[in-house]
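Chain identifiers are assigned alphabetically (A, B, ...) following the order of the sequence lines, protein sequences preceding nucleic acid strands; residue numbering begins at 1 within each chain.
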Amino acid sequence: MKSEAETTARAVSGEAGSQRRLYEEHQAATYRLAYLLLQDSQDAEEVVQDTFVYAFQNLERYDAGQGSFRTWLRVILVSRCRNKRRRKRLPRVSLEVLKGIGLTPADPDPRSDPARALERSETRCTVWEALRRVSPGARDALILRYYEGLSYGEIAETLGCSNDAARSRVVHGKAQMRRLLAGSQGESLFGIEIAGMAEAR
Amino acid sequence: MKMKEWHPTDVELARLSGKGTASGNLEHIHSCTRCRSVMADYDWLQGELAETLKSVANEVPVPQAAWSEMQDRLLERKHCQVVRIQVSAVTSAVMVLCLLLWAPGFMKPTAAAQTVPPEVLMRPTPIVATELAGPGERSWSSGASSMLTASRSDARLSPAPALAPSPASPDLESWAIDGDR
């Protein structure tokens with residue numbers, strides 16, 4: 001079994017078999033991240049194709065000493081997702097539509113209480129919907145932090161900003177999400193009354 | 001009692017929730033129900049966000065990794081690059097040819113301009129009032145240096161070469177007395 005470094009080195013030298021291996025190994029993860037960032041399957045597919053085409057055409061620029069192939073691919077992908085989003089504003093999809101296309105997250109434990117499962121599913125849908133409404137910069141940072149599990153330094157490298165800016169985007173994204181989830185009626189998913197808190201401030 | 005009137009902002013609490021509580025705020029957060037509740041919200045949000053993202057990513061149908069399609073795209077891009085280089089080379093060649101055919105004198109002025117040396121103009125010798133002034137009289141040339149006011153023959157010995165002619169009209173502003181400005 002070849003190591004990733006070896007596969008990448010062979011791919012850089014132009015070996016089609018290694019390029020194919022890299023593509024097959026990273027395509028699904030890249031697509032999932034693209035989908036989370038763009039929230040559109042067609043756009044995600046286009047961006048993933050573009051990302052791999054760019055990566056394979058510029059493989060000589062990849063420096064294994066600076067990070068893994070996945071990290072390099074992620075930087076290309078995030079940049080392309082941002083370009084795509086700039087050209088096309090994200091469509092607003094309601095919760096009902098999300099449920100209709102089968103994106104409602106299912107409860108992983110089938111033995112659990114169905115009512116509880118439904119509640120969890122609805123909660124996740126609401127969280128997903130709130131994430132869609134967060135400003136794009138903060139949303140990207142949140143996805144990289146809580147889906148990819150990156151450190152602030154890695155987020156900064158991926159987004160091309162400083163560590164402080166990366167941290168700030170995550171923090172503001174969380175604050176935005178909390179406000180969105182609190183709802184306009186003073187009711188909150190967190191079970192606290194926001195209107196009362198506003199008075200306390 | 002005074003501590004409870006002040007609360008960290010939501011953003012500050014969100015910042016703290018990510019890395020544990022800073023010592024300065026610890027006392028306040030422990031004693032403040034409101035801040036503890038906001039911190040709990042952020043902890044819940046982080047967990048729920050991670051689970052939601054994971055869940056959505058796992059649910060989304062991933063298209064098949066079609067390497068042949070990718071190879072086609074790579075070949076297509078390579079072909080496009082080659083065509084682009086060829087087109088730009090042909091265009092450049094045609095443009096040069098057109099210039100030579102329709103504008104044969106195109107190169108001449110440039111060549112002429114390069115061969116003719118720049119004309120060196122001699123600045124006229126300065127005429128200084130001190131020559132006419134007597135030994136005890138005050139000189140009129142207020143701005144001139146002692147070298148310039150020495151003699152006419154000295155001035156002739158070291159003519160200042162200049163590539164461009166001196167300005168036709170004098171700069172009137174430089175003649176103004178300080179008080180007029």
*When only pairs under 4.5 Å are counted, which of A:Glu24, A:Gln27, A:Arg20 shares the most heavy-atom pairs with chain B?*
A:Arg20

*If every non-hydrogen atom of A:Arg32 is compared with every non-hydrogen atom of B:Val60, which pair is closest and at what distance?*
CG-CG1, 4.4 Å

*Answer whether the closest heavy-atom distance between the side chains of A:Trp128 and B:Leu53 falls below 4.5 Å.*
yes

_If I measure from the heavy atoms of chain A, does B:Gln64 come under 4.5 Å with its side chain, its backbone, both, or neither?_
backbone

*Of the listed residues (B:Pro63, B:Ala66, B:Gly47, B:Ala50), which shares the most heavy-atom pairs with chain A below a 4.5 Å separation?*
B:Pro63

_side-chain contact (heavy atoms from CB on, under 4.5 Å) between B:Trp44 and A:Thr123, intermediate numbers included_ = CA-CA 12 Å; B:Trp44 174 86; A:Thr123 306; 3.6 Å; yes

*Parallel, tilted or perpendicular: which fits the ring planes of B:Trp67 and A:Tyr23, with parallel below 30° and perpendicular above 60°?*
tilted

*Would you name the heavy atoms of B:Leu74 and A:Val53 that are closest together and state the gap between them?*
CD2-O, 3.8 Å

*Drop me the distance from A:Leu142's CG to B:Leu49's CG, to the nearest 0.5 angstrom.*
5.5 Å

*Is the backbone of B:Arg73 close enough, under 3.5 Å, to the side chain of A:Gln49 for a donor and an acceptor to pair up by distance?*
no

*Salt bridge or not for B:Asp43 and A:Lys174, using N-O below 4.0 Å?*
no

_Interface moiety of A:Gln19 toward chain B, non-hydrogen atoms closer than 4.5 Å_ = both

*Measuring heavy-atom distances to chain B, does A:Ala16 have an atom under 4.5 Å in its side chain, in its backbone, in both, or in neither?*
both

_Test item: B:Leu45 and A:Tyr146 side chains (from C-beta on) under 4.5 Å apart, heavy atoms_ = no

*asked:* Please determine whether side-chain contact (heavy atoms from CB on, under 4.5 Å) holds for the pair A:Val127 and B:Glu51, giving the CA-CA distance in whole Å, both sets of side-chain angles, and the decisive distance to 0.1 Å.
replied: CA-CA 10 Å; A:Val127 169; B:Glu51 273 188 48; over 6 Å; no

*Take B:Arg77 and A:Asp50 through the test salt bridge (charged side-chain N to carboxylate O under 4.0 Å, His left out) and record every step on the way to the result.*
CA-CA 11 Å; B:Arg77 284 281 174 98; A:Asp50 277 350; 3.4 Å; yes

*Indicate the atoms forming the closest heavy-atom contact of A:Tyr31 with B:Pro61, along with that distance.*
CE2-O, 3.6 Å

*asked:* Less than 4.5 Å to any heavy atom of chain B: does that hold for the side chain of A:Leu33, its backbone, both, or neither?
replied: neither

*Validation row: A:Tyr35, B:Val56 side chains within 4.5 angstrom (heavy atoms)*: yes

*Could you pull out the closest heavy-atom pair between B:Val62 and A:Ala28, with the gap in Å?*
CG1-CA, 3.8 Å

